[in-house]
Structures are given as structure tokens and as C-alpha cells.
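Structure, as C-alpha cells:
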Amino acid sequence: MPFLGQDWRSPGQSWVKTADGWTRFLDEKSGGFVGDISRYRCRRCRQGARCPRWGAKLFCKKDDHNKENIFNTINYDVAAKKRKKDLLNNKAKTQYFHQEKWIYVHKGSTKERHGYCTLGEAFNRLDFSSAILDSRRFNYVVRLLELIAKSQLTSLSGIAQKNYMNILEKVVQKVLEDQQNIRLIRELLQTLYTSLCTLVQRVGKSVLVGNINMWVHRMESILHWQQQLNNIQITRPAFKGTTFTDLPLCLQLNIMQRLSDGRDLVSLGQVAPDLQVLSEDRLLWKKLCQYHFTDRQIRKRLILSDKGQLDWKKMYFKLIRCYPRKEQYGDTLQLCRHCHILSWKGTDHPCTANNPETCSTSLSPQEFINLFRF
């Protein structure tokens with residue numbers, strides 16, 4: 001199996017620190033990389049360590065450094081480190097992006113890799129910021145954010161927690177603009193706020209990364225987002241063509257059968273009296289129960305109406321309090337069984353299998369969380 005790591009450097013070569021990082025020393029005459037740079041001299045001072053005035057390819061002797069060059073070197077290194085630190089911890093509310101949109105999931109140490117992959121590392125590497133703009137991945141990301149808020153928030157690193165809040169803010173802004181999935185985001189914010197209230201009370205026990213004032217500010221932001229969602233006004237589209245109520249009853253019922261959440265059916269029935277009658281259809285709620293739950297689960301929660309018939313609507317809301325609903329997403333994260341690389345569907349990754357598509361397995365949000373439990 002080929003080496004899949006990012007560290008492509010090999011031992012036995014000389015490296016020089018530049019503004020862009022460490023690079024191999026290149027001989028200008030031969031055009032190749034060299035292993036010993038002690039015999040090379042600066043063309044200006046003809047001496048033998050790095051010359052801060054001329055850059056990384058010219059050298060001067062360490063013993064003959066004057067004070068000005070020493071201070072220049074120190075200031076250069078400090079400025080380079082500060083730029084890198086500002087890139088990671090910038091005050092702008094943007095996510096830190098990696099070039100690769102995939103991550104190798106490993107749970108142990110080998111000759112090629114040391115350590116293991118964490119949930120925070122995967123959260124930083126995978127492109128969740130762009131995924132929320134895709135309608136097929138939106139519900140998947142929101143469900144994943146909810147699961148992390150419930151139990152995995154403390155396992156994220158500081159930069160991962162910052163990316164989490166930045167992505168959450170983008171989700172809220174998208175909902176405010178599109179005026180869709182409002183209830184879904186309300187539940188996410190309430191779950192996150194409840195978890196943070198519990199964690200902040202345990203401050204001092206190493207449960208959260210960062211200053212307590214920073215987390216209090218984040219909780220205030222969550223309350224502000226909740227207030228914005230509560231005050232949102234749904235604008236009626238300026239459309240004078242055929243509406244949903246103008247369709248035949250059979251088509252209306254067929255469309256309502258595509259809804260996978262019973263609360264959406266109840267909300268739809270509150271729009272018009274005719275839709276209220278359709279939303280109470282017994283066959284509609286029966287198919288909804290059979291879609292989410294097994295026959296054994298349904299038999300344990302039978303409810304009869306006053307007429308002696310099964311009340312499928314009441315049974316549905318009782319079943320969702322006892323069992324998890326069936327989750328279905330348009331697009332999910334996939335794990336390659338051949339090379340153990342996690343990525344979104346359609347993302348190219350360095351797989352050595354003859355047919356990488358047959359090696360990929362779709363992961364639900366909970367399976368993604370379980371992947372990083374050791």
C-alpha cells in the first residue's frame with residue numbers, strides 16, 4: 001500500500017526556513033537538491049549560515065553575525081509565526097480551510113502514522129461550510145451539529161469549536177434568508193443552549209476550551225439567533241399561477257405522502273380547511289408509521305379511537321417518543337473501506353482500489369460520531 005501521508009519529505013536532505021515554511025536547499029549550479037550545506041557560502045559575505053538580509057539561498061557565518069542581523073532574524077521569525085497564528089486564530093468569522101476535502105481515519109500508530117484521528121480534526125478538514133449551501137447535505141449537517149451539541153462538544157479542539165460556531169451562524173443566516181427549515185434550526189439552537197448551560201456550570205473542570213467569558217458571549221449569540229427566528233415573518237410569494245389547493249385531491253394527497261415528518265402534516269393542515277380534512281386521513285398516517293417504525297414497534301403501541309379503529313395519528317406521536325425515526329438524506333459522508341478515507345460523495349481522494357465507488361460506505365450522522373469513539 002503506498003504512503004498516503006502529507007509529509008513527503010525524506011531524510012538525508014538539508015532544509016532552509018523561508019517565509020513560506022521549510023524548503024529543501026537547491027544548488028543553483030547543478031539544479032538539484034543537496035544534503036550538506038556547510039560548504040556553501042553567501043555570494044555577498046562569503047560566509048556559512050543563513051543570511052537574513054538576502055533570504056534562504058544565501059548564507060553567512062554564524063560567528064560573524066552582527067547585532068543588526070541577529071535582530072532582523074528574530075523579527076523575521078516572530079513575524080512569520082505571527083502570520084501563521086493570525087491565520088488560524090483570526091478574528092474574522094471564517095472557517096479555516098484545508099486544501100484536501102478528505103481525511104484519513106486511523107485509530108492507532110503505524111510506521112507511517114503516529115497517533116489517531118479525532119472528531120475535531122475531521123470536523124476541521126471536511127468541508128461543512130460549503131455543505132450547508134447544498135440542499136441535499138443541509139439536513140445531514142444540521143443533524144450532525146445537533147449530535148455534537150448533545151454529547152461531543154467537549155471533545156472538539158479550540159479551533160474546531162470555533163469552526164462549529166461559525167458554521168452554526170452560517171446555518172442561521174441561510175435559514176433567515178431562505179425562510180425554510182425554521183423549526184429544525186430552533187431545535188438545534190435549543191439543544192446547544194441547554195448543553196452549554198450544563199457545561200458552563202462545571203467551569204474549572206476542563207470541560208470547555210477557552211475563557212468562560214467567550215462561552216458566555218457565544219450563549220448570548222445563541223439567544224440572539226433564537227430571537228431572530230422567533231421574529232421571522234414568512235413572506236407570501238408573488239405568484240398568481242396554480243397553487244397547491246388548486247390541484248386535484250388525489251395529487252394533493254400524493255404530495256402529502258412525501259412528507260416524512262408528522263409535524264409538517266399538522267402544519268399543512270392549518271393552512272386551509274380543505275387541507276385540514278386531508279391531513280387527518282388515516283391511510284396517510286398509517287403509511288407514515290410504517291415508514292419510520294417496524295411492525296413489532298407498532299404492535300406495542302396500539303391506540304384505538306372512539307369508533308374502535310386504530311388511531312394512527314396518535315400512534316405516530318407516541319412512537320416517536322419511544323423510538324428513533326428513520327433518517328434519510330440526499331447526500332452523506334462516505335467511508336472508503338479500502339483506504340479508510342472519509343469524504344463527501346463525489347470528492348476525489350487518493351484511493352488505490354480498482355473501482356473506488358464499490359468500496360464506499362455511506363455513514364449516518366450517528367455512525368460518523370461513533371467512528372471517533374475509542
Side-chain angles (χ1 to χ4, degrees), residues 1-13 15 20-24 33 84 87-88 95-148 151-153 155-164 166-167 327-374:
M1 180 176 177
F3 179 67
L4 298 177
Q6 293 185 3
D7 190 3
W8 46 267
R9 301 174 296 183
S10 59
Q13 297 170 341
W15 291 76
D20 297 329
W22 289 89
T23 59
R24 283 185 292 182
F33 298 107
K84 293 182 180 179
L87 180 63
L88 293 176
Q95 184 183 6
Y96 178 71
F97 292 100
H98 291 266
Q99 183 177 3
E100 297 86 2
K101 304 304 179 183
W102 50 267
I103 186 171
Y104 177 78
V105 181
H106 54 107
K107 296 185 178 182
S109 299
T110 62
K111 291 182 179 180
E112 296 80 9
R113 292 180 177 272
H114 178 69
Y116 55 90
C117 179
T118 62
L119 176 62
E121 185 180 358
F123 191 80
N124 290 336
R125 292 288 298 273
L126 299 174
D127 193 12
F128 289 106
S129 183
S130 300
I132 61 177
L133 303 178
D134 191 339
S135 59
R136 299 172 302 171
R137 301 176 180 177
F138 181 82
N139 291 342
Y140 186 92
V141 176
V142 171
R143 177 57 178 168
L144 184 59
L145 294 177
E146 183 179 3
L147 292 176
I148 293 177
S151 60
Q152 300 297 321
L153 192 61
S155 64
L156 299 180
S157 62
I159 188 64
Q161 291 178 358
K162 184 176 181 180
N163 287 341
Y164 180 94
N166 292 340
I167 293 175
E327 297 181 1
Q328 186 176 7
Y329 305 99
D331 195 2
T332 63
L333 289 171
Q334 293 188 338
L335 179 66
C336 182
R337 299 188 303 270
H338 180 76
C339 57
H340 301 283
I341 287 181
L342 185 65
S343 63
W344 288 102
K345 183 179 180 181
T347 303
D348 296 332
H349 66 275
C351 184
T352 58
N354 295 330
N355 192 359
E357 296 180 356
T358 59
C359 302
S360 299
T361 303
S362 298
L363 297 179
S364 66
Q366 186 60 56
E367 291 173 342
F368 174 80
I369 298 294
N370 297 337
L371 197 62
F372 301 96
R373 288 181 177 177
F374 305 104

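Quantities reported herein were computed from a predicted structural model and do not represent experimental measurements.
- What you find for A122 and F128 is that their closest heavy atoms are O-CE1, 4.2 Å.
- A donor-acceptor contact shorter than 3.5 Å links the side chain of Y164 to the backbone of L145.
- Distance CD1/I341 to SG/C359: 11.5 Å, rounded to 0.5 Å.
- Here the closest non-hydrogen pair linking F138 and I132 is CD1-O, 3.3 Å.
- Between H340 and L335, the shortest heavy-atom contact is C-CD1, 4.0 Å.
- A distance of 13.0 Å separates NZ of K162 from CD1 of I167, quoted to the nearest 0.5 Å.
- Here E327 pairs with R143 under the salt bridge (Lys or Arg N to Asp or Glu O under 4.0 Å) rule; sequence neighbours left out.
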**Asked** Passes side chain to side chain contact (heavy atoms under 4.5 Å, CB included), L119 versus L371? Steps please.
**Response** CA-CA 8 Å; L119 176 62; L371 197 62; over 6 Å; no
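- Sorted by first and then second residue, the salt bridge (charged side-chain N to carboxylate O under 4.0 Å, His left out) pairs with a member in residues 329-338 read R137-D331; sequence neighbours excluded.
- Of all the heavy atoms in L144 and P365, the pair that sits closest is CD1-O, 3.9 Å.
- With rounding to the nearest 0.5 angstrom, the CD atom of Q334 is 9.5 Å from the CG atom of L342.
- By the ring pair (Phe, Tyr, Trp, His ring centres under 6.0 Å) test, F368 pairs with F372, sequence neighbours left out.
- Between W344 and L333, some side-chain heavy-atom pair lies under the 4.5 Å cut-off.
- Looking at Q161, its side chain does come within 3.5 Å of a backbone N or O of L156 through a donor-acceptor pair.
- In plain terms, the two heavy atoms of N124 and S157 that are nearest each other are ND2-OG, 4.2 Å.
- Using a 4.5 Å heavy-atom threshold, the side chains of Y140 and L363 count as touching.
- The CG atom of N163 lies 11.5 Å from the CG atom of L126; values are rounded to the nearest 0.5 Å.
- Side-chain contact between Y329 and S362: absent, with no pair of heavy atoms (C-beta onward) separated by less than 4.5 Å.
- Taken from OG in S151 to CD in E146, the straight-line distance is 10.5 Å, to the nearest 0.5 Å.
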